[in-house]
Amino acid sequence: MLSLKWLTRAKSPFLHPLAAVLINPAARTTTTGFLFSSAAPVVTPNSVNLQSKDVSASFKDWFRSGKNPLFDDIFRILAMYKDDSESKSVDSALGKLGLRLNERFVLDVLSYGKDVLTRLKFFDWAGRQPGFGHTRATFIAIFKILSREKLMSLILDFLDDFSRQRYISRTRFHDVLVMGYAVAGKPHVALQVFARMRFSGLDLNDLVYHVLLNSLVEEGLFDVAETILKQIRLRGFENEVTHSITVKSFCRQKRLEEAESYVQRLMRDGHYLNGYIVGTLVDAFFDNGKAEKALELVDEFRVIGKKRDLEVVYGISVRGLVRCGRLDDALEFLKTKNLSEGFVPDVFKCNQLIFKLLKENMLQDVYDLLMEMKEDGVLPDKVTMDAALCFLCKAGMVDAAVDLYNSRAEFGLEPSGMAYNYLVSTLCQEGRTDEAYNVMKSSVDQGYSSSKATFSILADALCRDGKLDKVKEVVFLALERNIVLRDSSYKNFISALCKARRVEDGYLILQDINKRVKNAPKQAFFRLIQGFNVIEKGDIAARLVMELQEKGHTPNQKLLQAVVYCICESHNPEQRFYQLLRMQLSRFGPSWDIFNCFIDGAGHALKPLLARSVYELMRKNGILPNLDSDILMLQSYLRSCRISDAIIFFNEVKSRQITQQKFHNAMVAGLCKAKKPAIAWDFVCKMRRDTKLVPSLECYELLLQSFCRDQDYIMAVKALNDMEGAGYRISTFSGNALIWHSCKGKELYDAWTSVRNSSDEMSGFLLGQLIGIFSECVRTDLSIEKIEDLLAKCFPLDIFTYNLILQRLSMTDIDAACKLFNRIRIRGYEPNRWTYDILVRGLFKHGRTAEAEKQVDEMFHQGFS
C-alpha cells in the first residue's frame, strides 16, 4: 500500500467519506463485457450527494491546476483560424498577446498543447517571427510530437516545405533533413542525405549523429547502426547518449548478457551513467521475465546514481512491475521510494498503474494513488481524467463522474473514447439513459467512435425504456461508422417496434441494416416476420422469409408455418400461398418438411381444401405422404369441423397402410377438440376392440374433459374406468377436472355412484369420497391437511389443485384459507394470478379489507393484475 499520509491532510475535503465507501469490498459488482467491473457502494442517498459534490469539486480543482491562461489564449486563437490564407489575422491576434519568444517558451507551449495540428501551426508561426529562430531543441520537439502521434506523413510534408521557409538560413539545412527523416522512421532517406553531405564535404553534428543512430536501432538496422557508431567514436562524439543507444541495441537483439556486461564496464570505468542507460536494461529484464534481476540492478544503481537519474530508473521499474502484473510490488516500491527518497513518478507511470489497479478493482489503492498525485503536485493530463472518470463510475459515484465530465471544458481535457464508453455504460446501468445518450452524442461530435459493446448497451437500455426514436439514432450512428451491434440488440429493437405496432418502421430499418451490414442478424428477421404475422400482413412476412433464406439462414418450422397461416388468413390467399410454396421447392427441392409445413399452415387457417391440394401435390412430386403428413391432413379436416371428410380420409389412409396408434390418437384427440366426444368414444372402443391398440393418456384426458364440459358425467366416469382398465393411473389433469366439476353441483357425484361400485380399488374409492366432499354430498369433519393427503393418494397435486381447495375454503373459512395460502409456498408451489384472486375475493367477502389490500399490493409486485 502507499503511505496514508493524506488521511491527516485537512485540505482534501472528501477523503474520509469516500474512503469509508471504498473500504467495503462487498459492495463491488461486476458488469460483463467491459474493461473494468462496476462498483455499487452501499450508502445512503444523502451521503452519496454529499460525497459527489465534494469529490467532483476536489477533482476539478486538481485538473484546473494544470491550466495556463496565456497558453490557452494562444491555442484558442490558433484554433479560430483554420485557413492558411488567414495568417495575417493570426499574426495580428497573437501579436496583441505581447509574447516574448525564446527556446524555453516555445518548448513549454508545444508541450502544453493537446492538438497536434494546432501545435504545428504555432511552430510555423514562431519560426516566422522577427528576432526568433528555431533551434535544434525546438525542431526535435516538433518531430517528437509528430512521430508520437504517428503522423509521419506530416513530418515528410514539413521537410518538403522546409526549404521554402524564411528561417532556413538560421539552421543547418542538412542536419534538419537528416534528423527529420530519421525521426519520421525513414532512416534510408536520412542515410542518402547524409551521403550527399559527405560527398560535399559536410558532416553532421553530434546531436544529429545520435538521432540517426537511434533511428537505425529502432528500425532494426543493427549492422548500419554499428557503422554509424564507429563514426561517432572516431569524431569524439561518444557520450552518455551513445551509451544509452548502445545498450538499447543490445537489448533489441536480445543480447542481455552483453548489455549487462557493457553497463557493468561503464560503472567500473567511472563513466557517467544516466537513468536512460540503466533504465533501458532494467526495462529489457522486465520484458524478458527477469524481474528480480532488474530490481537487483536498480538497487546497485541506487548507490551511485544521481537523484534525477534514479527517478527515471524508478519510473521504469514501476512500469515494469505493472506490466508483469505485480501490482502489490509496484505499490510497495512506490511507497518505499516515496518515503525514503521523496520519489514521485511522472504522470504517465501513475496513469499506467492506475488503469491496472482499476482493472483489478483495487479501488482503495487507486484512490490512494490519485491523492498522492494531487498532493505531490503531479499535473494531470487527459489520461488522468480518463482514469478519474472510470474510478468514480466504479466507486458508484456517477453524479461526481457526470459533474467532472460536464466541466471538462474548464480545464481543456477531453475524455478519450474509452472513458466515454465507460461513462455511457455506467449511466445505462444506473437507468439514466437520457444522460447516457447525450454523452454518446457528445463523443461522436468529438470524433470518437464508441465500441460495439457500448452502442449495444445504450441501444438495449433505451429500448427497455421505450425510447425507440433514440434507439433508431443510435443504430444509425453505429451503422455510419461501420459498427455492427450485437445480434440481440437488433432483435430487441425490432421486437420493441413490433410491440409498439411500428412494424413498418422496423421493416425500413432492417432494410437499411441490410444495405450496410453483410450478414444482418437472423433473429431480427424472425421478430419482424412475427410482427407482420400479428398485423396480418402475410405477403410482407413471406417476402422477409425469402430475403432471410437468400442470406443463407433457414427459418424454423414454427415460423414458416405461422407465415403460411397468415397468408391463408388474407383475402384471396391462393396466389401468395402457391408462390411461396414454389419458392421453397425451387430453393430446397421437394421434401416432407416443406409440404408438411404448408399442410399444417393451411390446416390451422381452416383451409382444408388448400391443405389437401398440397397433400396431393406431394404425390405428383414423387413423394409419398408420411405419417406426419397424414396426421396434419386429418387435423386440418377436424379443425374445420368437416367430420365426414375426416372419417373418409381416416378410412382411406387405414386401407392403404398398416394402422398406427399415433394416427388413431390424432383422430380421437381431434374429435374431442371438435366437440364430438361421442364419435371419439366410438373410435376408442373400436381401437380397443378391433385393433387392440391402446389410446394415449392425452386421448383419455381430452375425452374426460369433453364429457364433463357437456355435463355428460356418466360417460366421463366410463372414460375414466376405461383409462384405468388400459393401465393408466389417474393423472393430475383428470383429477383436477373431476374436482373442478364436483364443485359445480352433485351431478358428477351421482354419476360416480351409479357407474363405479364398491369393488373399485382404494384410490377410486377415495376419489369418489373427495368428489362427494367437494360437491357437498358427503359431510365430513376432516381437516384441510387430511383432505390434502387424501387427494395426494389419488393423483399428483399441482397449483391448480390447491387453487380448487383454496376456492372452496375461502367461501366458508377464510382463516383456514389464509393458512393454506402460506402452506402452498412452504410446499414449494408458486401462487399464480388465480391463487391471489381467490384469496383477495375471499378476504373482501369477509370484510377483511386491510388484509385484502395488502394481498393486492403483493399481487401487483409479483407482476399479476
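Only this structure's heavy atoms are used, side chains among them; waters, hydrogens and symmetry mates stay out. None of the values given here were measured: they were computed from a predicted structure.
Thr246 and Ser249 form no side-chain donor-acceptor contact under 3.5 Å, judged by distance and modelled atom types alone. In the model, Ser442 has a side-chain atom that pairs as donor or acceptor with a side-chain atom of Tyr405 under 3.5 Å. Between the side chains of Thr242 and Asn239, a donor-acceptor pair is found at a separation under 3.5 Å.
Looking at Ile354 and Phe391, their side chains never come closer than 4.5 Å, going by heavy atoms from C-beta outward. Using a 4.5 Å heavy-atom cutoff, the side chains of Val178 and Val211 are not in contact. Inter-residue side-chain proximity for Leu363 and Leu358 is flagged as met; some heavy-atom pair is nearer than 4.5 Å. Contact annotation: the side chain of Leu78 approaches that of Leu94 to within less than 4.5 Å [non-hydrogen atoms, C-beta and beyond]. The closest side-chain heavy-atom distance from Leu99 to Trp125 is below 4.5 Å.
Taking the salt bridge (charged side-chain N to carboxylate O under 4.0 Å, His left out) definition, one finds that Lys441 meets it with Glu473, sequence neighbours left out. In this structure Ala419 satisfies the side chain to side chain contact (heavy atoms under 4.5 Å, CB included) test together with Asp386, Leu389, Pro415, Ser416, sequence neighbours excluded. In this view, Ala294 and Val282, Phe285, Phe286 satisfy the side chain to side chain contact (heavy atoms under 4.5 Å, CB included) rule, not counting sequence neighbours. For Asn102, there are no side-chain hydrogen bond (donor to acceptor under 3.5 Å, both in side chains) partners at least two apart in sequence or on another chain. For the side-chain hydrogen bond (donor to acceptor under 3.5 Å, both in side chains) test, no residue two or more places apart in sequence or in another chain qualifies with Arg198. Shown here are the side chain to side chain contact (heavy atoms under 4.5 Å, CB included) partners of Glu480, two or more places apart in sequence or in another chain: Leu477, Arg516. Take Tyr276 and apply the side-chain hydrogen bond (donor to acceptor under 3.5 Å, both in side chains) test, not counting sequence neighbours, and it matches no residue. Partners of Asp269 according to the side chain to side chain contact (heavy atoms under 4.5 Å, CB included) rule, which considers only residues two or more places apart in sequence or in another chain, are Arg265, His271. The salt bridge (charged side-chain N to carboxylate O under 4.0 Å, His left out) search around Glu238 returns Arg233, not counting sequence neighbours. A search for salt bridge (charged side-chain N to carboxylate O under 4.0 Å, His left out) contacts involving Arg481 returns nothing, not counting sequence neighbours. Applying the side-chain hydrogen bond (donor to acceptor under 3.5 Å, both in side chains) criterion to Arg268, with sequence neighbours excluded, gives no partner residue.
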Could you check Asp206 against Arg235 for salt bridge (Lys or Arg N to Asp or Glu O under 4.0 Å), going step by step and ending with a plain yes or no?
CA-CA 9 Å; Asp206 62 336; Arg235 285 158 178 73; over 6 Å; no
Go through Glu218 and Arg252 one step at a time and tell me if the side chain to side chain contact (heavy atoms under 4.5 Å, CB included) criterion holds.
CA-CA 8 Å; Glu218 290 285 346; Arg252 288 290 175 91; 3.1 Å; yes
Please step through side chain to side chain contact (heavy atoms under 4.5 Å, CB included) for the pair Val241 and Leu207, ending with a clear verdict.
CA-CA 9 Å; Val241 178; Leu207 171 66; over 6 Å; no
Under 3.5 Å, which donor-acceptor pairs do the side chains of residues 254-263 form with other protein atoms, sequence neighbours left out?
| unit_1 | atom_1 | unit_2 | atom_2 | d |
| --- | --- | --- | --- | --- |
| Arg255 | NE | Glu258 | OE1 | 3.4 |
| Arg255 | NE | Glu258 | OE2 | 2.9 |
| Arg255 | NH1 | Gln253 | OE1 | 2.9 |
| Arg255 | NH2 | Glu258 | OE1 | 2.7 |
| Ser261 | OG | Glu257 | O | 3.0 |
| Tyr262 | OH | His243 | ND1 | 3.0 |

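To the nearest 0.5 angstrom, Tyr422 atom OH is 11.0 Å from Leu392 atom CG. The distance from the CD1 atom of Ile245 to the CG atom of Leu229 is 9.0 Å, given to the nearest 0.5 Å. From Leu423, atom CG reaches atom SG of Cys390 across 8.5 Å, with rounding to the nearest 0.5 Å. Atom CD of Glu226 is separated from atom NZ of Lys230 by 6.0 Å, given to the nearest 0.5 angstrom. In this structure, the separation between NE2 on His210 and OG on Ser244 is 9.5 Å, given to the nearest 0.5 Å. To the nearest 0.5 angstrom, Ile232 atom CD1 is 4.5 Å from Leu213 atom CG.
Residues Thr280 and Lys248 approach most closely at CG2-CA, 3.6 Å, considering heavy atoms. Of all non-hydrogen atoms in Ala401 and Cys393, the two that sit nearest each other are CB-SG, 4.0 Å. Minimum interatomic distance between Leu110 and Arg119 (heavy atoms only, all atoms of both residues): O-CD, 2.8 Å. Considering all non-hydrogen atoms of both residues, Glu240 and Ile277 come closest at O-CD1, 3.4 Å. Phe301 and Met267 get closest at one heavy-atom pair: CD1-CE, 4.4 Å. Counting all heavy atoms, side chain and backbone alike, Leu212 lies closest to Ala190 at CD1-CB, 3.9 Å.
Checking each of Asp365, Asp368, Leu321 against Leu331 for a side-chain contact (heavy atoms from CB on, under 4.5 Å) leaves exactly one that passes, namely Asp365.
In this structure a side-chain-to-backbone donor-acceptor pair under 3.5 Å is missing from Lys452 to Ile483. In terms of modelled atom types and a separation under 3.5 Å, the side chain of Gln231 and the main chain of Thr227 share no donor-acceptor contact. Between the side chain of Asn288 and the backbone N or O of Ala284 there is at least one donor-acceptor pair closer than 3.5 Å.
Taking the six-membered ring where the residue is Trp, Tyr209 and Phe237 present tilted rings, their angle falling between 30° and 60°.
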